[in-house]
Number of protein chains: 2
Amino acid sequence: MATELSKWEEQGLRGEAVGTKQAPRHVSQCPVEDWLTFLGHRWSALILWRLSDREFGFSELMETLPKISPKVLTERLEGFVERGLVTRSSTSTFPRRTTYTLTDAGREITQMLSRLYEWAR
Amino acid sequence: MATELSKWEEQGLRGEAVGTKQAPRHVSQCPVEDWLTFLGHRWSALILWRLSDREFGFSELMETLPKISPKVLTERLEGFVERGLVTRSSTSTFPRRTTYTLTDAGREITQMLSRLYEWAR
DNA sequence: CCGAATCCTACATGATACTG
DNA sequence: CAGTATCATGTAGGATTCGG
């Protein structure tokens, strides 16, 4: 079992200081660590959980997550879309209505979260 | 599905500035987010993966994880022991020999990581 | 061999105010 | 409504050195 991830471990770092000076700038090259880190960010699990129930608008999510800031919610949603867990669709009417919906991949993730939940409690 | 985690979301924060001033000091009260954050820390997955194969000593782990620092390795191992994923046993001979072994709970976690790995690639 | 102690940088998160 | 911009702060991660 341990060998399957071996190929990732040698890399460890990446980033090699793009423009200016010595910036360690870490990006995990291990997909498992990468996903865990991503999902482990604050509010991620809770937002996905919300979306597993039905689609939501931005402000609607803000309301159901009392303490989140719009900046963080934006970051999370963009991350989800980028990784294919969520679809974003927006009307051009006014006031604008944007909805976020789980994709099939998103549902697979929430199912894994569900198993983790059962295990954890 | 969305209701199972509902009870956690109202809390959001905790910590209320133990001694000095206004420190937001966040500790997730959602067990799923808590575990994801924990497992998402750097090297966590890789260390557990290593231990799923056999037991390891401290320096031995250092060698198989080329870029890790002893501080971080210590932090991870202590976290694992604290959460019951790993058992630590140490001889009193010299030089001292300490070994880290996965518990059953640790194996359950690495199995979940394995599923995530299959899904992710 | 197994770590502990320091110091330092980057990143994650929040509060808040403002815009198309 | 659905975000963006800015500013501030805590926590994670890493380099290095030292001790039992």
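Chain naming here is simple, since letters A, B, ... match the order of the sequence lines and numbering starts at 1 in each. All values reported here derive from a predicted model rather than from experimental measurement.
- The nearest whole Å value for the distance from the CD atom in A:Glu33 to the P atom in D:dA12 is 15 Å.
- Toward the 5' end of DNA chain D, the nearer of the two residues A:Lys71 and A:Arg97, judged by each one's closest nucleotide, is A:Arg97.
- Close to C:dC2, at under 4.0 Å from its OP1 or OP2, lies a side-chain N or O of B:Ser59.
- Look at A:Tyr100 and you won't find any side-chain N or O under 4.0 angstrom from OP1 or OP2 of D:dC1.
- Residue A:Glu75 has its side chain nearest to C:dT13 when only D:dG14, C:dC2, C:dT13 are considered.
- Atom-to-atom, CH2 of A:Trp43 to P of C:dG14 comes out at 6 Å; the value is rounded to the nearest Å.
- Between the P atom of D:dA2 and the CG atom of A:Leu65 lies a distance of 14 Å, rounded to the nearest Å.
- B:Thr98 comes within contact range of the sugar-phosphate backbone alone, with a heavy-atom separation under 4.0 Å but no base atom that close.
- Atom P of nucleotide D:dG3 and atom CE of A:Met62 are separated by 11 Å, given to the nearest angstrom.
- Comparing D:dA2, C:dA12, C:dG14 by their closest approach to the side chain of A:Arg76 singles out C:dA12.
- Comparing C:dG3, D:dA12, C:dT16 by their nearest atom to the side chain of B:His41 picks out D:dA12.
- Between the C1' atom of D:dC1 and the CZ atom of A:Phe56 lies a distance of 16 Å, rounded to the nearest Å.
- Neither side chain, A:Thr110 nor A:Ser52, offers a donor N or O lying under 3.5 Å from an acceptor on the other.
- Comparing C:dA17, C:dA4, C:dT13 against the side chain of B:Glu78 picks out C:dA4 as the nearest.
- A:Glu60 is linked by a side-chain hydrogen bond (donor to acceptor under 3.5 Å, both in side chains) to A:Arg54, counting only residues two or more places apart in sequence or in another chain.
- In this structure, CZ of A:Arg96 is placed 5 Å from C1' of D:dA2, rounded to the nearest angstrom.
- By the side-chain hydrogen bond (donor to acceptor under 3.5 Å, both in side chains) test, A:Arg115 pairs with no residue at all, sequence neighbours left out.
- In this structure, A:Arg83 is positioned above the aromatic face of A:Trp35, its NZ or CZ under 6.0 Å from the six-membered ring centre and within 45° of the axis.
- Between A:Phe58 atom CZ and D:dG3 atom P the separation is 6 Å, expressed in whole Å.
- B:Phe38 comes within 4.0 angstrom of nothing in the nucleic acid, heavy atoms only.
- Nearest nucleotide to the A:Pro70 side chain, out of C:dC1, D:dT4, D:dA15: D:dT4.
- Atoms CG (A:Leu73) and C1' (D:dT4) sit 13 Å apart, rounded to a whole Å.
- Using modelled atom types, one finds a donor on one side chain and an acceptor on the other under 3.5 Å when comparing B:Ser89 with B:Thr99.
- At the phosphate of C:dC2, neither OP1 nor OP2 sits under 4.0 Å from any side-chain N or O atom of B:Arg88.
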